[in-house]
**Q** 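Here's a structure for you.
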Number of protein chains: 2
Amino acid sequence: MKLLRNNLLEAFVAVVECGGFTDAQYALGITQSAISCRIRDLELALGYRVCERGRGGFCLTERGQIAYKKARDVLRSVRDFDAELMDLRGTITGELRIGMVDTVNGLPGFPLVSAIRRFLNRENDVRLEVSVASPTDLTQSLISGNVHVAIAPFRNKVSELEYTEICTEDHMLYCSSDHPLFHADSREITPDILTRYPICQRSYDKIVPPKLITLAPQAVVANMEAMAMLIESGCYLGALPVHFGQKWIESGQFRALDHPDLRWTSAFSLAVRKSQARRRAVELFLNDIMAVAHKAA
Amino acid sequence: MKLLRNNLLEAFVAVVECGGFTDAQYALGITQSAISCRIRDLELALGYRVCERGRGGFCLTERGQIAYKKARDVLRSVRDFDAELMDLRGTITGELRIGMVDTVNGLPGFPLVSAIRRFLNRENDVRLEVSVASPTDLTQSLISGNVHVAIAPFRNKVSELEYTEICTEDHMLYCSSDHPLFHADSREITPDILTRYPICQRSYDKIVPPKLITLAPQAVVANMEAMAMLIESGCYLGALPVHFGQKWIESGQFRALDHPDLRWTSAFSLAVRKSQARRRAVELFLNDIMAVAHKAA
DNA sequence: ATCCTTACATGCGGTAAATTCATGTAAGGT
DNA sequence: ACCTTACATGAATTTACCGCATGTAAGGAT
């Protein structure tokens, strides 16, 4: 079902996301000429050009970029609106947009995949959409409605959202076999190594308190895979979730720099928007999350 | 222009607001049969009946009531979306929905009509929509986007909104010529009259602190006109804004119970939603308000 | 009880909008 | 110079939507 629809906007968003008319015709299931008409009509209605196109390539105009963001968001919220009206029928429909930080899968004490399986095994007609982003971005996405639920170690909690702690994640410092500390005596592993060797930090969620670090320049990464890469290079120390660093430990590539003061724990929370008629699909997924989280605890 | 449109939802909302198909055909500018089709198709798409109709009268089903509220709200926000895209063209379009408490007009030091005139004298294509409600309702309407700006004496301010004080309003206690206090000696006018005569309060914004009042039953009104009526009855004392009570004073119908402790002042604020891409029309209107407020001060 | 009126439903036909198909055009590559 | 790519355009066609005429069901008047 599609109550609030608009061909022009849908075409516009599809064209932007496909990077041109030609590919968008498959995404939309209409011919290229129809898309050409739609974009022309959209620009006629708006009174300004939204994109440059032709053999020279496809690109959005300045206004087009703003219009695209607004259009994408409004189409999202319109899909949610449709789903809300379908909820009244009792069926579970619409999109379920889940946001999370990376390496949530494998989090000890929180089998997310079980929750997802549990959710999908129910009779449903829901399209899942999973995005990975930083806690800060996830907060924004929750507020704007771009995601319905998010799982992350939220440090600064905002009043618009509702948080439920679901598990914790232990972090340790690692170095690779190429690093000077790899063969160091365990008595050398003290917090002051932080002042002697370059360390790599995650751009969001600074596990190692920055005030402990004196050495510049620091490397900054946006996700765990990148962190592992820089550690593998042998040039950096880096903190990883223990469950995530495990595989490098097992292969003998990394060494965990074990010291009581070089362990950190962050708390993972489930966040949703407060005070909002919640869709059935979202409600059920939250139940599923809590069910697996409790079972694991 | 109308980008995101939906005939079915528009018909539904119109039918509800007109209380039936017959009247809605004039509001929508289509025939009754077309409306019948639209509602049928809507119900077909939703999978449930939204209203009972026929000779027995028109009424929404339970689900229909929820669907109506959602549909009305989404159509509003969709109109705003259209206006946002038009903003990029540089034109001032869309709706400007202003909310206020009653008797804002005439507020000393705040010529609202000048602000409106100022706004409308600009080149524009804006449809105004003015609603009158209590500060509490206005707060809700602002958050949900049902109004863009609101003017009221806001007592409890919420973090989602941004308030700018624009003027103050003096209140005094009044009685009518039928009231025992009308001819009382001015020395008798002391705060303890509150404990001896019934008083009428506004349901929102209790001007006279309720703790000063001992006498039950109290009359409660939702707006100033009603307050004046009850005072006119001679059975109640009541607080009115001085600028509003003036005309009854001049006609000799009311007496102001003047005493230093029987005067109250409330501060009127302009409220808008925080952190939101603001439309040009809203921005300009805010400027106009501030301009007339400053000039008056 | 019958007829009338009100309020909505339905079938049919026309019109306007949207889409496809076929073709045109402009820019870059060979 | 020719081909290819990527989009534009025009005619034909399909589709959707609407109005008209008519049907139906229930309440009220005579």
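Here the structure is a predicted model, which means the values were calculated and not measured. Lettering of chains follows the sequences in order, A, B, ..., and the numbering in each one begins at 1.
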**Q** Report the nucleotide, chosen from C/dC8, D/dG19, C/dA18, that has the shortest atom-to-atom distance to any side-chain atom of B/Ser36.
**A** C/dC8

**Q** Any salt bridge linking A/Arg79 with A/Glu95? Criterion: basic side-chain nitrogen under 4.0 Å from a carboxylate oxygen.
**A** yes

**Q** Counting the atoms with a prime plus P, OP1 and OP2 as sugar-phosphate, which does B/Gly19 contact under 4.0 Å by heavy atoms, base, sugar-phosphate, or nothing?
**A** nothing

**Q** Let's see if you can work this out: which of C/dA7, D/dC20, C/dA9 has an atom nearest to the side-chain heavy atoms of B/Arg53?
**A** C/dA9

**Q** Ignoring backbone atoms, test whether A/Asn7 places a side-chain nitrogen or oxygen under 4.0 Å from the OP1 or OP2 oxygen of C/dA17.
**A** no

**Q** Closer than 4.0 Å, any side-chain N/O of A/Thr22 to the OP1 or OP2 of D/dC7?
**A** yes

**Q** Find which nucleotide of DNA chain D each of B/Gln32 and B/Arg38 is nearest to by heavy atoms, and output the residue with the more 5' nucleotide.
**A** B/Arg38

**Q** Decide, yes or no, whether a salt bridge links B/Glu129 with B/Arg97 under the criterion of side-chain N to carboxylate O below 4.0 Å.
**A** no

**Q** Answer yes or no: side-chain N or O of A/Ser33 and base N or O of D/dC7 forming a donor-acceptor pair under 3.5 Å.
**A** no

**Q** Indicate yes or no: does B/Arg53 engage B/Glu43 in a salt bridge with an N to O separation below 4.0 Å.
**A** yes

**Q** Using a 4.0 Å heavy-atom cut-off, does B/Gly57 contact any base of the nucleic acid, only the sugar-phosphate backbone, or nothing at all?
**A** nothing

**Q** Does a side-chain N-to-carboxylate-O contact under 4.0 Å join A/Asp102 and A/Arg202?
**A** yes

